[in-house]
Amino acid sequence: PSICSSLLNVYAKCGSFEEAEELFNTFTERNVVSLTAMLSAYVEHGQGKKALQLYNVIQDEHVMLDVVILLCVLQACSETGSLQTSEKLHFELVSAGHDCLRSAAATLIHAYGGCASMANAQAIFDVIFEPNLVLWNACLAGHAGEGNIFASLQTFEMLRLTGFEPDEVTFSAVLAICSYVGDVLLGLQSFTSMTYDNSIYPDRRHYGSIVDLLGRAGNFNRVENMLPRISVQAD
RNA sequence: AGUAUCG
């Protein structure tokens, strides 16, 4: 049984979701772990809709759902923008207790972000005692996804004032919002600040936003100057 | 044995 789940996980990570699905259908008994592995496979391959379909099916079966599987369903909600399911899972996690809500808070915020409901996301953030950087990043990314430059930068400033060092995920969201609104100056400032002040090595996401930003501004000379530096980076 | 934050 545990070997089956592991094998399913390998199919999910290395193969396609169809292969994982095929293997999953041969299982005679479904438990929480194998179900989670299957849901995770759907989510990672951008099949959030199929994940939610499977979730609806297992609700009629009598499977004990834990926090981990609910997190996977929430990721599916984020992909598909299913607000009503997000709210339902939110309620279940609140009922499960403080520590459950705390460990699921980042995924919940991310889900509400995907549903374009940052009011709900903010409500979660506000009830968490001493939120960590991951939670700040989730909020920042949510605002960035809505194209809300003001809320994004406000969150970024608050995060720093609280005493956190922005990490590569933080700057990834900042550069994304700069690219979204076309703020070339702030984008380049953030990029240099990231590498110089915070000693963060830019990855493909960061370069992607910067190239997009400069490209839209028609500044192809700067893009060309960056290309040699980008190619040296490994993923 | 299965999950966090980067549209």
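Chain naming here is simple, since letters A, B, ... match the order of the sequence lines and numbering starts at 1 in each.
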### Message
Within the 4.5 Å heavy-atom criterion, are Leu93(A) and Leu74(A) side-chain neighbours or not?
### Response
yes
### Query
Among U5(B), U3(B), G2(B), which nucleotide sits nearest the side chain of Ala141(A)?
U5(B)
### Query
Is the closest side-chain donor-acceptor distance between Asp212(A) and Ser209(A) under 3.5 Å?
no
### Message
Quick check on G7(B): is either OP1 or OP2 less than 4.0 Å from any side-chain nitrogen or oxygen of His110(A)?
### Response
no
### Task
Provide, to the nearest angstrom, the distance between the CG atom belonging to Leu65(A) and the C1' atom belonging to G2(B).
13 Å
### Query
For the side chain of Asn9(A), counting heavy atoms from C-beta on, which of C6(B), G2(B), A4(B) is nearest?
G2(B)
### Task
Could you tell me the separation between the NE2 atom of His143(A) and the P atom of C6(B), rounded to a whole number of Å?
14 Å
### Query
To the nearest Å, how far apart are Ile58(A) CD1 and G2(B) P?
18 Å
### Task
Take the protein atom CZ of Arg205(A) and the nucleotide atom C1' of U5(B), then report the distance between them rounded to whole Å.
11 Å
### Message
Using ring pair (Phe, Tyr, Trp, His ring centres under 6.0 Å), reason through Trp136(A) and Phe125(A) one step at a time and then give a plain yes or no.
### Response
CA-CA 8 Å; Trp136(A) 281 103; Phe125(A) 186 84; 4.8 Å; yes
### Query
Do Tyr112(A) and His90(A) have ring centres separated by under 6.0 Å?
yes
### Task
Check every strand shown and say whether Val67(A) touches a base, only sugar-phosphate, or nothing at a heavy-atom separation below 4.0 Å.
nothing
### Query
What's the CG-P distance between Leu133(A) and A4(B), to the nearest Å?
17 Å
### Task
Using atom CD1 of Ile3(A) as one end and atom P of A1(B) as the other, report the distance to the nearest whole Å.
11 Å
#### Entry: Nearest-angstrom distance from the residue atom CE of Met38(A) to C1' of G2(B)
13 Å
### Atom-to-atom span, CZ of Phe171(A) to C1' of C6(B) - whole angstrom
13 Å
#### Entry: Per Ala176(A) side chain, nearest of listed nucleotides G7(B), C6(B), G2(B)
G7(B)
### Base G2(B) paired with Asp66(A) side chain (donor-acceptor, <3.5 Å)
yes
### Message
Angle between ring planes, Phe17(A) versus His45(A), binned at 30° and 60°: parallel, tilted or perpendicular?
### Response
tilted
### Query
Which is true for Gln75(A) with a 4.0 Å heavy-atom rule: it touches a base, it touches only sugar-phosphate, or it touches nothing?
sugar-phosphate
### Task
Identify which nucleotide among G2(B), A1(B), A4(B) has an atom closest to any side-chain atom of Val134(A), counting heavy atoms from C-beta outward.
A4(B)
